[in-house]
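Some notes on the structure that comes next.
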Amino acid sequence: SIIVFGSINIDLVATAPKLPGAGETLLGEDFFKVPGGKGANQAVALARLGVPTQMVGRVGAQSFGAELMQNLQDAGVQTDNIFVDETASSGVAMITVAHNGENQIVVIPGANGRVNQVDVERLSRILPTATALLLQLEIPVPAVIAAAQAARSNNITVILDPAPAPSDLPTELYSFVDIITPNEVEAGQLVGFPVDGEDAARKAAGVLLQKGVKSAIVKLGAKGVVCATNKETFFVPAFSVDTLDTVAAGDAFNGGLATALYSGLSLHQAVIWGAAAGALAATKLGAQTSLPDKLTFEAFLKE
Ligand code: ADP
């Protein structure tokens with residue numbers, strides 16, 4: 001199986017004619033409640049693509065916990081190792097979207113912010129059953145490091161999506177990571193120079209290799225993907241699709257990438273699968289709603 005250790009959120013989305021100013025009350029129009037969190041998104045991406053997937057993390061008993069668990073189970077994700085925290089709310093993103101497309105977001109980490117060594121111990125018990133561990137940065141970094149270290153000592157492939165963009169990561173984390181998968185913004189934060197396009201991405205990937213990862217994959221949105229290892233550097237163009245909404249394209253990418261590696265394919269083929277899943281996600285609205293299922297994915301790859 002593949003294990004995802006990370007965030008589980010509920011997104012509360014309101015649409016309004018404009019963003020409210022300080023102290024202002026506005027009448028909005030629509031309200032949506034949708035499951036999210038990069039960890040949960042990546043777990044759903046994997047399960048939809050047919051990979052046996054286990055999620056490790058926390059939801060809050062006080063709000064949305066049962067609902068978030070159910071959502072993951074409905075997607076086919078194994079949730080036995082998600083801890084229901086009695087004293088916390090679930091992770092919540094309060095999002096306002098204005099007519100002009102601008103948004104305003106307050107994220108309450110809630111239970112995600114309480115993930116710690118106890119959760120890493122639960123994770124460690126199931127690591128021997130897994131081939132890969134997917135990590136992101138929406139839970140506390142010390143827990144991410146401990147998880148990566150535990151996976152490395154079990155010889156399990158560690159795939160780190162360094163999102164949201166950190167200003168800096170502890171050097172030891174890099175040494176436990178097999179594959180790091182930043183987008184342009186995240187890559188720029190990690191290497192300290194702007195990453196915009198293929199040339200800069202090649203340089204950034206080189207810097208990330210020097211920091212100690214085995215492979216660096218820089219996601220360039222509709223411009224494609226750069227992948228570097230100590231043996232080779234290659235570019236994979238983006239699939240040409242009718243783009244509607246790129247939310248969760250990065251999560252879909254990591255799902256496609258890990259699915260290919262789980263199936264025993266090469267890193268090069270895995271990057272192509274990642275790009276295909278990312279492109280499919282860009283053709284649909286929303287986060288988890290846009291993640292492709294196995295049939296759609298296989299049909300797209302055959303085109
Ligand atoms: P993130 O969502 O993390 O910012 P990207 O936007 O770079 O990441 O998207 C991840 C991957 O998904 C890209 O590298 C690309 O392969 C694919 N992708 C994203 N947007 C598009 C698009 N508009 N057209 C085709 N492929 C896309």
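Counting convention: from 1, in listed order, for ligands and their atoms alike. Values in this document were obtained by computation on a predicted structure and should not be read as measured data.
The heavy atom nearest to atom 2 (O) of ligand 1, out of those in Gly250, Ala222, Ala252, is found in Gly250.
What sits closest to atom 9 (O) of ligand 1 on the protein, heavy atoms only, is Ala249 CB, 3.7 Å. Counting protein heavy atoms only, atom 11 (C) of ligand 1 is closest to Phe253 CD1, 3.9 Å. What sits closest to atom 4 (O) of ligand 1 on the protein, heavy atoms only, is Asn183 ND2, 2.8 Å. Shortest contact from atom 12 (O) of ligand 1 to any protein heavy atom: Gly278 CA, 3.3 Å. Closest to atom 15 (C) of ligand 1, if we only count protein heavy atoms, is Gly221 O, 3.3 Å.
When only modelled atom types and interatomic distance are considered, Thr87 and Arg114 share a side-chain donor-acceptor pair under 3.5 Å. When only modelled atom types and interatomic distance are considered, Gln42 and Asp251 share a side-chain donor-acceptor pair under 3.5 Å. No side-chain N or O of Asp242 forms a donor-acceptor pair with one of Thr283 less than 3.5 Å apart. The closest side-chain donor-acceptor pair between Asp168 and Gln189, if any, does not fall under 3.5 angstrom.
Heavy atoms of Ala281 come nearer than 4.0 angstrom to ligand 1 in no pair at all.
The ligand atoms of ligand 1 that sit less than 4.0 angstrom from a heavy atom of Thr243 are 22 (C), 23 (N), 24 (N). Every atom of ligand 1 with a heavy atom of Val225 under 4.0 Å away is listed here by number and element: 14 (O), 16 (O). Those atoms of ligand 1 that come under 4.0 Å of a heavy atom in Leu220, given as number and element, are 7 (O), 14 (O). With ligand atoms numbered from 1 in the order given, ligand 1 contributes 24 (N), 25 (C) to contacts under 4.0 Å with heavy atoms of Val241. Each of the following atoms of ligand 1 lies closer than 4.0 Å to a heavy atom of Phe239: 24 (N), 25 (C), 26 (N). Atoms of ligand 1 lying under 4.0 Å from at least one heavy atom of Gly224, given by number and element, are 14 (O). Under a 4.0 Å criterion applied to the non-hydrogen atoms of Ala275, ligand 1 contributes the atoms 16 (O).
In summary, of the residues considered (Gln54, Gln73, Gln70), a side-chain hydrogen bond (donor to acceptor under 3.5 Å, both in side chains) with Thr79 occurs for Gln73 alone.
Listed by first and then second residue, the salt bridge (charged side-chain N to carboxylate O under 4.0 Å, His left out) pairs involving residues 143-161 are Arg152-Asp178, Asp161-Lys219 (not counting sequence neighbours). Sorted pairs that involve residues 263-281 and meet side-chain hydrogen bond (donor to acceptor under 3.5 Å, both in side chains), not counting sequence neighbours, are lacking altogether.
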Please determine whether side chain to side chain donor-acceptor pair (under 3.5 Å) holds for the pair Gln136 and Asn41, giving the CA-CA distance in whole Å, both sets of side-chain angles, and the decisive distance to 0.1 Å.
CA-CA 11 Å; Gln136 316 78 28; Asn41 290 349; over 6 Å; no
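With rounding to the nearest 0.5 Å, the separation of OG1 in Thr246 from CG in Asn183 is 10.0 Å.
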